[in-house]
Amino acid sequence: MSDLKTVLGEAVEAAFAAEGVPAELARVTPSDRPDLADFQSNGALAAAKRVGKNPREIATAVAERLKSDPRLASVEIAGPGFINLKLTDAALADRANAVAADPRTGAETLAEPRKVIVDYGGPNVAKPMHVGHLRASIIGESIKRIYRFRGDTVVGDAHFGDWGYQMGLLIGAVCDENPEIAALVDQLNATGDVADEIPDAFRAVTLADLDRLYPLAAAKGKEDLTYRDRARKLTADLQAHKPGCYVLWRQFRAVTQVALERDFHALGVDFDWWKGESDADPLIPEMVAELDAKGLLVDDQGARIVRVAREGDKRELPPLLVVSSEGSAMYGTTDLATILDRKRAFGPDLVIYCVDQRQADHFEIVFRAAYLAGYAAEGQLEHIGFGTMNGPDGKPFKTREGGVLKLNDLIEMTRGKARERLHEAGLGENLPESEFEEIASKVAVAALKFADLQNFRGTSYVFDLDRFTSFEGKTGPYLLYQAVRVKSLLRKAETEGAAAGPVTVAEPAERDLVLTLDAFETALAEAYDKKAPNALAEHAYRLSQAFSKFYAACPILVAAPPVRGSRLTLAAAVLRQLETALDLLGIAVPERM
RNA sequence: GCGCCCGUAGCUCAACCGGAUAGAGCAUCCGCCUUCUAAGCGGACGGUUGCAGGUUCGAGUCCUGCCGGGCGCGCCA
């Protein structure tokens, strides 16, 4: 079952072919002029240029052939050669019935599914997540769901930052502050014993400690070369699995895990793999040896690098730093080893890295190295960058004090606002406390996610809590409200014993609604192809609006049975499609509000 | 300095391979609740798509230059 755009596209293609003009140009799109038509094809203009004929002549000949199509109510030529197509009410009703009967409400699946890894979230061990992780989590989660829904086999991987210089910094800082820990680290390092149980002295280290120490240590490392060198040495010690460093590091991971799970859970973000940089560590020695054997590894200023510059580059791309002069792995090293690890473990056709746009160069370098090493085929690695979430000043979001806002605080803040809004509107007042809290959480998540995903990921946007949590306008809460309104309607229909029936189309609002339902497949395909959830967000909003207009213009429960049945079928189809679309954005809908 | 991204309505953002009259939301103004959740619906107002050229029958979209903003440029991630 294809959408109308595709079906009409095939019809116009056939007409083009029959006229002897290139059929591949016969693209049908939704009409730019809904007052004139449902769909249009601009192919005659492109074809005219290609074959050197008058576009209106081609359009007229094609239109003549299309007029016999029983699904079309009218075929008209406009302007320089646009072909305007209007469907019959019966054709729309057929499509509506098909969408309503389809569990996927009209969304197609891929003919050739692929194996895909989506790498997103990017939390760091020993550091609480902050607003910077919000976009990666929201966008990555949505892309993962979209790919999976289309039929790919998809794995989402959190890819912790747990193996770099910041770990050495923290080991040093914790030891400086606590002599007991320092002594134990030295002792374990010396004896070579790796304890199964983390010693109590290490267990005393909390996430708050790490959170407090890291900024200080990072700052000191920038100024004090001795301090920095020691941290780098400790990083190398950790990577060499020196027991004291390694066991202390396990404590860092453990205390971080709890907070990360809480934050991701609150956002409705979930991973199939909770892997980190450290998981790729065991592959590094053989990888380095292999790079060396392939002649890719070059000694340079005490470090070992892979040169990735290519002929025709507009600028000189830095090399990939594989082994630092200290002997430690850099983040590019673990990223490359991770590619190898994933190739062996899963064999992905595509890996999508959903990471801040600022790391574009880094990924280009790593990808090139991976292609050179034969760890992936050209094009199988793709960085999907995104802009920053900014404050009212247009600069990356900061707290009033100028610090970084923790993700957990942001979520709490948004929930508080959601409760406030619900109370203002007098919603959910008679509901039990637990359900009200559930609703407030869903409203908060919908507000944050929809505000993010309605923008194209590449651009930055301004964070405005009041606007995001508003129930009016193009917001997440508005969409939830619309969905809940349909649920309420369908519940009422059930208690009244009103049954759904075949769809008929008569009113303009019904036509528009069916055309919008039909457009789901196009929106989904675009979101998939361009890795752009905003296409789906836009569709969800249009669908809600189309329904709201229909709801206002067409009484449902009080209508006579055949019409009532038709409208109930439409309402049920809208609800399922809307919930599907929202689910693909990572947004869950409550039962009532 | 070199490179990448961005500049669209008062504000926040869209715009399907280059197509008709550049669309939404907010804000402002005017209507609509004895009727299924009015957190809604209808209407009005609002634009030299940063500037200047070029390609094209046709440019927000492609090319060149300039102005303005953001970001990146090997031992942090």
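In the text below, chain A, chain B and the rest are named by the order of the sequence lines, each starting its count at 1.
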Exercise. Is there side-chain contact between A/S324 and A/Y165, with heavy atoms separated by less than 4.5 Å?
Worked result: no
Exercise. Any sub-3.5 Å donor-acceptor pair from A/D157's side-chain atoms to A/K275's backbone N or O?
Worked result: yes
Using nucleotides 16-20 of chain B, report all nitrogen or oxygen pairs with the protein that are shorter than 3.5 Å.
from   : atom 1 : to    : atom 2 : distance (Å)
B/rC16 : N4     : A/D32 : OD1    : 2.5
B/rC17 : N3     : A/R27 : NE     : 3.2
B/rC17 : N4     : A/R27 : NE     : 3.1
B/rA20 : OP2    : A/D32 : OD2    : 3.4
B/rA20 : O2'    : A/R33 : NH1    : 3.3
B/rA20 : N7     : A/Q40 : OE1    : 3.1
B/rA20 : N6     : A/Q40 : OE1    : 2.4
B/rA20 : N6     : A/N84 : OD1    : 2.6
B/rA20 : N1     : A/N84 : ND2    : 3.1

Exercise. For the residue pair A/F450 and A/Y541, does the interplanar ring angle fall in the parallel (under 30°), tilted (30 to 60°) or perpendicular (over 60°) class?
Worked result: tilted
Exercise. Ion pair present between A/K549 and A/D512, side-chain N to carboxylate O less than 4.0 angstrom?
Worked result: no
For this session: Provide the distance between the two C1' atoms, one in B/rG72 and one in B/rG50, to the nearest whole Å.
Result: 24 Å
Problem set entry | Rounded interatomic separation in angstrom, taking CG from A/D313 and P from B/rC4 | 11 Å
Problem set entry | Separation of the C1' atoms in B/rU55 and B/rU12, to the nearest angstrom | 34 Å
Exercise. Under 4.0 angstrom, heavy atoms only, what part of the nucleic acid is A/F456 near: base, sugar-phosphate, or nothing?
Worked result: sugar-phosphate
Problem set entry | ring-ring contact (aromatic ring centres under 6.0 Å, His included) contacts touching residues 296-336 of chain A (sequence neighbours left out) | A/Y331-A/H362
Problem set entry | Donor + acceptor pair across side chains of A/D32, A/Q40 (<3.5 Å) | yes
Exercise. Does A/N534 or A/C554 map to a spot on RNA chain B nearer the 5' end, using the closest nucleotide for each?
Worked result: A/N534
Exercise. What is the distance from CD of A/Q545 to C1' of B/rG40, rounded to the nearest Å?
Worked result: 11 Å
Exercise. So A/R228 and A/E326, salt bridge (charged side-chain N to carboxylate O under 4.0 Å, His left out) or not? Walk me through it.
Worked result: CA-CA 12 Å; A/R228 187 198 65 185; A/E326 201 61 52; over 6 Å; no
Exercise. Is A/D35 touching bases, backbone alone, or none of the nucleic acid, heavy atoms closer than 4.0 Å?
Worked result: base
Exercise. Listed in order of residue number, which residues of residues 465-493 of chain A have a non-hydrogen atom at under 4.0 Å from RNA chain B?
Worked result: A/R467, A/F471, A/E472, A/G473, A/K474, A/Y478, A/Y481, A/Q482, A/V484, A/R485, A/S488, A/L489, A/K492
Exercise. Syn or anti for B/rC67, with syn set at within 90° of 0?
Worked result: anti
Exercise. Expressed as a whole number of Å, how far does the C1' atom of B/rU49 sit from that of B/rA59?
Worked result: 11 Å
Problem set entry | Flag if over 12 foreign heavy atoms under 6.0 Å of CG, A/N430 | no
For this session: Quote, to the nearest angstrom, the P distance that separates B/rC6 from B/rC13.
Result: 14 Å
Exercise. Taking 4.0 angstrom as the limit, do A/R592 and A/E435 come out as a salt bridge?
Worked result: yes
Problem set entry | d(CG, A/L431; P, B/rU37) in whole Å | 15 Å
Exercise. Using the P atom in both, what is the distance from B/rG68 to B/rC51, to the nearest Å?
Worked result: 15 Å
Exercise. Rounding to a whole Å, what distance do you find between A/L453:CG and B/rC13:C1'?
Worked result: 14 Å
Problem set entry | Summary of protein contacts for nucleotides 63-77 of chain B, nucleotide by nucleotide, where a base hit scores B, a sugar-phosphate-only hit scores S (4.0 Å, heavy atoms) | --------SS-BBSB
Exercise. Do A/F550 and A/F547 have their ring centres less than 6.0 Å from each other?
Worked result: yes
For this session: Can you tell me the distance, in whole Å, between the CZ atom of A/F550 and the P atom of B/rG40?
Result: 19 Å
Exercise. How about A/F463 and A/F397: are their ring centres within less than 6.0 Å of each other?
Worked result: yes
Exercise. In chain order, what residues pass the side chain to side chain donor-acceptor pair (under 3.5 Å) check against A/Y461, with sequence neighbours excluded?
Worked result: A/D452
For this session: Describe the nucleic acid contact of A/V558 in one word from base, sugar-phosphate, nothing, applying a heavy-atom distance below 4.0 Å.
Result: nothing
Exercise. Under 4.0 Å between a Lys/Arg side-chain N and an Asp/Glu carboxylate O for A/K233 and A/D229?
Worked result: no
For this session: Considering only NZ, NE, NH1 and NH2 on the basic side and carboxylate oxygens on the acidic side, decide whether A/K417 and A/E420 come within less than 4.0 Å.
Result: yes
Exercise. Is any NZ, NE, NH1 or NH2 atom of the basic residue among A/E472 and A/R421 found under 4.0 Å from an Asp or Glu carboxylate oxygen of the other?
Worked result: no
Exercise. Can you tell me how far P in B/rC16 sits from the matching atom in B/rG60, rounded to whole Å?
Worked result: 13 Å
For this session: Under 4.0 Å between any heavy atoms, over every strand shown, what does A/A360 touch: base, sugar-phosphate, or nothing? Just pick one.
Result: nothing
Exercise. When the P atoms of B/rG18 and B/rA52 are considered, how many whole Å apart are they?
Worked result: 24 Å
For this session: Whole angstrom is fine here: how far is it from NE2 in A/H383 over to C1' in B/rC5?
Result: 12 Å
Problem set entry | Charged N-O contact under 4.0 Å between A/D356 and A/R135 | no
Problem set entry | Torsion-based syn/anti label for B/rC17, 90° from 0 as limit | syn
Problem set entry | Same-atom distance (P) from B/rC41 to B/rA24, integer angstrom | 13 Å
Seminar exercise, completed: Here the distance between atom P of B/rA24 and atom NE2 of A/H539, to the nearest Å, is 17 Å
For this session: Write down the distance between CG (A/N390) and P (B/rC5), rounded to a whole number of angstrom.
Result: 18 Å
Exercise. Using a 3.5 Å cut-off on both pairing distances, which stems of three or more Watson-Crick or G-U pairs include RNA chain B?
Worked result: B:1-7 with B:67-73, B:10-13 with B:23-26, B:28-32 with B:40-44, B:50-54 with B:62-66
